[in-house]
Number of protein chains: 2
Amino acid sequence: MAIKLKDVARQSGYSITTVSRALAGYSDVNEQTRRHIIEVASSLGYQPNLPARQLRIRRTNSLGLVIPARDHSYSNEFFSQLLMGIGDAAAQSGYDLLISAQAPGEAEMACYRRMVGGNLVDGVILVRTRRHDERIAYLSQQQIPFMVFGRAAPGEPCNFSFIDIDSQAAIRALVDHFTGLGHRRIGLILPPEEMAFTPYRLAGYQEGLENAGLPYDPARVVTGDLLRSGGEQGARILLDRDPKITAIIACNDLMALGAMRAIESLNLQVGRDIAVAGYDDIPAAEYAYPSLTTIHQPIYEIGQRLVTLLLDQIEGRNSAHSAVFLPYTLVVRASSGAPRQEGGAQPESS
Amino acid sequence: MAIKLKDVARQSGYSITTVSRALAGYSDVNEQTRRHIIEVASSLGYQPNLPARQLRIRRTNSLGLVIPARDHSYSNEFFSQLLMGIGDAAAQSGYDLLISAQAPGEAEMACYRRMVGGNLVDGVILVRTRRHDERIAYLSQQQIPFMVFGRAAPGEPCNFSFIDIDSQAAIRALVDHFTGLGHRRIGLILPPEEMAFTPYRLAGYQEGLENAGLPYDPARVVTGDLLRSGGEQGARILLDRDPKITAIIACNDLMALGAMRAIESLNLQVGRDIAVAGYDDIPAAEYAYPSLTTIHQPIYEIGQRLVTLLLDQIEGRNSAHSAVFLPYTLVVRASSGAPRQEGGAQPESS
DNA sequence: CAAATGATCCAAAACGTTTTGGATACACTC
DNA sequence: GAGTGTATCCAAAACGTTTTGGATCATTTG
């Protein structure tokens, strides 16, 4: 049987109340008794029963986080970085993380209801905004503190606190980079429709083209599944539709690596014949051959900021909604080069 | 104010007891009343207060996991894979994960005491065995169910349930692979001393040499910090001590990639002049140039098995200690080739 | 017909904390 | 010496469940 307050009380000769208040550091207990009580408590190995405390004070000192189940494929690196940032910051402030892996759907919503409605967490971090996000609606309605990574999809109200990267500007910067090198036919591989950020990426692409006075051609845009195979397929489609494309931007690195593979299998050389850029800057981007030009996001820091801003809400330091944009970095590597000459010697034919 | 049992009781016209038992599915409540109560509960949006339940039944339906704080450097990929396996399996059985990021030390032990002694978790997963592991001692003494990834260091008692990879055999297989290619001077870059598995790796190396009738030379073994820079440094030292080394085995991929970089900076060619192998099979190993020969471990599956075995303990399906070894795979890629000819032309020529 | 059985329900205790609202004793003020 | 403060302590209530140990009534059994 575990030691409880009652045992410490009996052993020390004081009441349960006094023991509780002594250990909690209240000023209405004599310094000497406090020392004695602490002494007794630690000699008995007293550990407070936390569910009991949580029931009483309605606080748990833990933060809820639902991560996508069974997709260790494309977002691994992303989530591990984010989780480390979240975990480190939470631990530093004395909070635990309550994590559940759920695929989008009814079970996922039930999980939020359990954590929030069941009083298991003091706040929630929500990671991938969707269009018409039911989770956000629920959390707002429950009035529990929460922070979101990723703003709402364009056209939807965004009355919650979030951190985001200006991915529209990031994609625009990639396009600028390419047009600056002389590219005029640039393909784009987008993420799936349902992701809230997809429209922003497309908009950035269009802005970039406009900046350079280039026309927007929907035939040069294709959607991929964020996996390497999706990039491979996407690149094939793009090059099939228009063999004169000289650059491809994929909306994540994995698809970019797939695109590189497709390009090589067409006997073209990445970086010389066709420039490629990705998004995310996963470690493999640096080790790839040729190394991959991409957009670096400070994922770890985002995780940390999510926590600090969430704790500001929980601990009542800030009530206003915060909309934080963190900077990205354009990382230029070997996969992006000037375009092959129009009409010059072509690989297979042309 | 949240809806509680009392509200459902009042609204449905039954007692708190009956409502509780109806929702819990006991057979001593009329099927019709049960339906009515469930109806009322869901129309009121009843969510049970879980800390209260936990306090009462002394179960939380969550598993504890302490991950290393602030080392998003070398074990990222490893931990994210493992976490996905653990998270998926736990969620599938209706368990949450309680996670805290702690650096080894007193705060880490306090974290275990809080989780276990504080009744926050029903079981614990412990990830990186150390020598004389205080955490394992504590968990055994507390008699809480726990599963460990990694057996005890050689010479220490191993009276707990664990899953491990036979890394001794894995390293031996790498050495066999190299000696089979004709290599006779093979360097080794070990993990730091304090890791429990380090001696097993060294033993595998020695066994491999013995298999091939080669002498063991301590000068060909060096310790690295598991980072890329450690591999770079290690390779330099090895090649400095004996320039005739034709193969290097690093005990993780990151160090192997560092070694490759060191080799290239000496104007030697990886895979032709010097063979390199790693351990872990992180994604970058495949994308590296040349791609890296390495040992693949089924990390995701390990995570899953850790959970299923832990739940067997928690739910009383199995009391005996289990010692599970899962298979590794030798993945041969471009970084390992036959040795350059003894006495033949040296790096810069031939 | 009394007793036993079975179906359905419930009051109250218990889980281990924290907090409320004093109680007590002593010192100081006027 | 009455009143006011202050320091120190505590009994009991409360948090929202689950479970124990019956109670009640209708039905069946001997």
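The figures that follow rest on heavy atoms only: side chains count, while hydrogens, waters and symmetry mates do not. Throughout, protein chains are lettered first and strands after them, A, B, ... in sequence-line order, and every chain is numbered starting at 1.
- Residue B:Tyr14 is tested with B:Val40, B:Thr33, B:Val29 for a side-chain contact (heavy atoms from CB on, under 4.5 Å); the sole match is B:Thr33.
- The stretch residues 35-50 of chain B does not touch DNA chain C, since none of its heavy atoms comes less than 4.0 Å from the strand.
- Judged by distance alone, with hydrogens and angles left aside, the side-chain atoms of A:Thr60 form a donor-acceptor pair with the main-chain N or O of A:Ser62 at under 3.5 Å.
- The main-chain N or O of B:Ala9 is found under 3.5 Å from a side-chain atom of B:Ser12 such that the two form a donor-acceptor pair.
- Both the sub-6.0 Å distance and the 45° axial angle are satisfied by B:Arg21 relative to the ring of B:Tyr26.
- Without hydrogens or angle criteria, A:Thr129 side chain to A:Ala196 main chain gives no donor-acceptor distance under 3.5 Å.
- Taking every nucleotide of DNA chain D with any atom under 4.0 Å from a non-hydrogen atom of chain B, the first and last of them, 5' to 3', are D:dG16 to D:dT20.
- Residue B:Ser27 is classed as having no contact, given no heavy-atom separation below 4.0 Å to the nucleic acid.
- If you measure from atom CZ of A:Arg21 to atom P of C:dG22, you get 15 Å, rounded to the nearest angstrom.
- Comparing the axis of the opening five pairs of the helix from C:dC1-D:dG30 to C:dC30-D:dG1 with that of the closing five pairs yields an angle of 60°, rounded to 10°.
- Atom CG in B:Asn30 sits about 11 Å away from atom P in C:dA7, given to the nearest Å.
- Using a 4.0 Å heavy-atom distance criterion, B:Ile57 is classed as a sugar-phosphate-only contact.
- Looking at heavy atoms from C-beta onward, B:Arg317 lies in side-chain contact with B:Leu311 at the 4.5 angstrom threshold.
- In this structure, A:Ser161 contributes its side chain and A:Ser322 its backbone to a donor-acceptor pair below 3.5 Å.
- Taking the six-membered ring for Trp and the full ring otherwise, A:Phe162 and A:Phe325 have centroids separated by under 6.0 Å.
- Position along DNA chain C of the nearest nucleotide to B:Glu31 versus A:Lys4 favours B:Glu31 as the more 5'-ward residue.
- Both A:Asp28 and B:Tyr26 lie near DNA chain D, and the one whose nearest nucleotide falls closer to the 5' end is A:Asp28.
- B:Thr18 and B:Ser15 share a donor-acceptor pair across their side chains, judged by distance under 3.5 Å alone.
- A salt bridge (charged side-chain N to carboxylate O under 4.0 Å, His left out) with A:Arg113 is found for one member of A:Glu134, A:Glu108, A:Glu106 and no other, namely A:Glu106.
- For the salt bridge (charged side-chain N to carboxylate O under 4.0 Å, His left out) criterion with A:Asp164, the lone passing option out of A:Arg128, A:Arg151, A:Arg305 is A:Arg151.
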